[in-house]
Chemist: 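Below is a structure I'd like to ask you about.
Values below: all heavy atoms of this structure, side chains included; hydrogens, waters and symmetry mates excluded.
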Amino acid sequence: MSDEHEHGTDESEAGSDGEDAHTPHREEFHEAPIGHAQVRSGMTVGDLATEYGKAGIGAATVDRAVDVYAEMLGREEVTNFFGLAGAMVPAGMRQIAVDLIRDGHIDALVTTGANLTHDAIEAIGGKHHHGRAEPHDPHPAAADAEPTGETPREHDEHLRDEGVDRIYNVYLPQEHFALFESHLRDNVFPAVERQVSIQEFTAELGRANAEQNAERDVDEDAGIAAAAYENDVPVYCPAIQDSVLGIQAWIYSQTSDFGLDALGDMTHLSDLAFEADRAGAMVVGGGVPKNYVLQTMLTIPDAYDYAVQLTMDPDHTGGLSGATLDEARSWGKLEKSARNATVVGDATITLPLVVAAARERAAERDF
């Protein structure tokens, strides 16, 4: 059925002045007045999201994102694809993804080699630490500690000398990378001495992370890859070379039969999308995970019925990370009728809020 027949654009549905039926009329400007959000002690995250919905600008888009994601989680027939980019694991967002996987809310995960690297480090006993984004920031571990007299360059040179890597205001001692590399060589690579797809490799990583987490009696959760392995959720990492995990995989491949099939995952992921009754995408950040999730629909006849993205990038630069989901509709990645929402803001702030409120709303509604 053509778009014209679907929506009706003949004269009987047009305005008296010949305008299209979808042209806003004066009545529309009175039907949904802005409300004023109220906050109170004891309110839930879902209550807060509802208050956001009364307001405008970014608050309104957060409430819409919650509503779309709640429907994605609440409808059993929806296959949920989750894209996780950025420094979400070192920033402390790891457990949100773990819990979504374990509760059956992620059916396929696309992430970065960096997130899998940091996930494995935490699984085997390494830790990320609060740090200073700039030398003049007060040290988070001691509120009364004086800021250093270093310049920003001197601050990072000092960290280099101390063997500490910085991700904005997160520190990671480099000895944890040595621990990670030993983990790969002792517990992961020996199980894949052949050509494998990246998804097969991440499954072996998850298995090894879970085993080592238990054997070492690590206080921290076994993590994302382990939860995915234990729940048969495929983890795709199409830009795995762009990470310490990828570097170590390349080094090991130089002296063994191990190798990664970069195209092998595409059939696996496309089949999952093809078999879905309905499909939804939650995309955190941009880059390769975002595109890999969305481009999957270019290989099958259908497209996403739902999509939510949490991004920090604007769309007017023309970059992929800030591209709206409405733009993705023009490519056929979203159905014309798809429900979608884009929230622009720091994903370490928006992800916990949207997920918590959506899970609450999904539990309350009968979809």
Side-chain angles (χ1 to χ4, degrees), residues 28-76 78 80 82-106 109 128 130 133 138 140-141 143 168-170 220-221 223-224 227 280-285 305-314 324-325 338-367:
E28 179 180 333
F29 307 139
H30 294 279
E31 67 183 20
I34 290 292
H36 298 281
Q38 293 180 305
V39 295
R40 62 186 182 278
S41 174
M43 70 191 308
T44 68
V45 181
D47 292 337
L48 179 61
T50 298
E51 293 300 313
Y52 274 37
K54 296 178 181 178
I57 311 180
T61 61
V62 168
D63 179 63
R64 177 170 175 78
V66 168
D67 212 48
V68 176
Y69 196 41
E71 188 167 342
M72 286 169 56
L73 301 184
R75 291 190 178 278
E76 291 186 2
V78 177
N80 282 294
F82 198 100
L84 188 67
M88 291 294 101
V89 172
M93 301 291 107
R94 180 177 186 248
Q95 198 63 39
I96 295 173
V98 169
D99 291 340
L100 285 169
I101 291 170
R102 290 189 177 141
D103 291 341
H105 295 316
I106 295 179
L109 174 67
H128 300 81
H130 288 284
Y168 188 60
N169 59 0
V170 175
E220 191 58 67
D221 193 285
I224 294 171
M282 164 58 92
V283 180
V284 182
D305 300 284
Y306 305 92
V308 173
Q309 76 164 343
L310 312 178
T311 181
M312 291 193 294
D313 296 303
T324 65
L325 293 171
R339 296 194 66 204
N340 60 277
T342 295
V343 178
V344 179
D346 182 342
T348 64
I349 299 171
T350 60
L351 178 62
L353 174 61
V354 170
V355 171
R359 296 189 70 163
E360 183 178 328
R361 198 170 287 182
E364 293 172 348
R365 294 183 180 178
D366 183 18
F367 288 101

Chemist: For residues Val45 and Ala356, report the shortest heavy-atom separation together with the two atoms involved.
Modeler: CG1-CB, 3.9 Å
Chemist: Distance from His105 atom NE2 to Leu73 atom CG, nearest 0.5 Å?
Modeler: 5.0 Å
Chemist: Looking at every non-hydrogen atom in both residues, tell me the closest pair between Val66 and Ala49 and how far apart they are.
Modeler: CG2-CB, 4.1 Å
Chemist: Hydrogens and angles aside, do Thr50 and Asp47 bring a side-chain donor and acceptor to less than 3.5 Å of each other?
Modeler: no
Chemist: Ignoring hydrogens and geometry beyond distance, is a side-chain donor-acceptor pair present between Tyr306 and Arg75 at under 3.5 Å?
Modeler: yes
Chemist: Could you tell me if the side chain of Lys54 sits less than 4.5 Å from the side chain of Ile34, heavy atoms only?
Modeler: no
Chemist: Which atom pair, heavy atoms only, marks the closest approach of Ala227 to Val98?
Modeler: CB-CG1, 4.1 Å
Chemist: For Ala60 versus Ala55, what's the shortest heavy-atom pair and its separation?
Modeler: CB-O, 3.4 Å
Chemist: Where is the tightest heavy-atom contact between Met93 and Pro352, given as atom of each residue plus distance?
Modeler: SD-CG, 3.7 Å
Chemist: What distance separates Leu84 CG from Ile224 CD1, expressed to the nearest 0.5 Å?
Modeler: 5.5 Å
Chemist: From the options Thr311, Thr350, Asp313, select the one residue that forms a side chain to side chain contact (heavy atoms under 4.5 Å, CB included) with Val344.
Modeler: Thr311
Chemist: So how far is it from Met72 CE to Arg339 CZ, rounded to the nearest 0.5 Å?
Modeler: 11.0 Å
Chemist: With rounding to the nearest 0.5 Å, note down the distance linking CG in Asp67 to CZ in Arg361.
Modeler: 5.0 Å
Chemist: Out of curiosity, Arg359 CZ to Glu364 CD, how far, rounded to the nearest 0.5 Å?
Modeler: 13.5 Å
Chemist: Salt bridge between Arg102 and Asp221, side-chain N to carboxylate O under 4.0 Å?
Modeler: yes
Chemist: Looking only at heavy atoms, which two atoms of Ala362 and Ala70 are closest? And how far apart?
Modeler: CB-O, 3.5 Å
Chemist: Determine whether Asn80 and Met282 make a side-chain contact, defined as any pair of heavy atoms from C-beta on separated by less than 4.5 Å.
Modeler: no
Chemist: Looking at side-chain heavy atoms only, is the closest gap between Glu51 and Met43 below 4.5 Å?
Modeler: yes
Chemist: Would you indicate whether the side-chain heavy atoms of Phe82 and Ile101 approach each other to under 4.5 Å?
Modeler: no
Chemist: So, do Val283 and Leu310 sit near enough that their side-chain heavy atoms are less than 4.5 Å apart?
Modeler: no
Chemist: Is there a donor-acceptor pair under 3.5 Å between the side chain of Gln309 and the backbone N or O of Thr342?
Modeler: no
Chemist: Strictly distance-based, threshold 3.5 Å: is any side-chain N or O of Asp346 a donor or acceptor partner for the main-chain N or O of Thr348?
Modeler: yes
Chemist: With sequence neighbours excluded, what pairs up with Asp305 under the salt bridge (charged side-chain N to carboxylate O under 4.0 Å, His left out) test?
Modeler: none
Chemist: To the nearest 0.5 Å, what is the distance between OH on Tyr52 and CG on Leu353?
Modeler: 5.5 Å
Chemist: Would Glu220 and Arg94 count as a salt bridge (Lys or Arg N to Asp or Glu O under 4.0 Å) here? Give the steps.
Modeler: CA-CA 11 Å; Glu220 191 58 67; Arg94 180 177 186 248; 3.8 Å; yes
Chemist: Just wondering, are more than 12 heavy atoms of other shown residues or ligands nearer than 6.0 Å to CZ in Phe367?
Modeler: yes
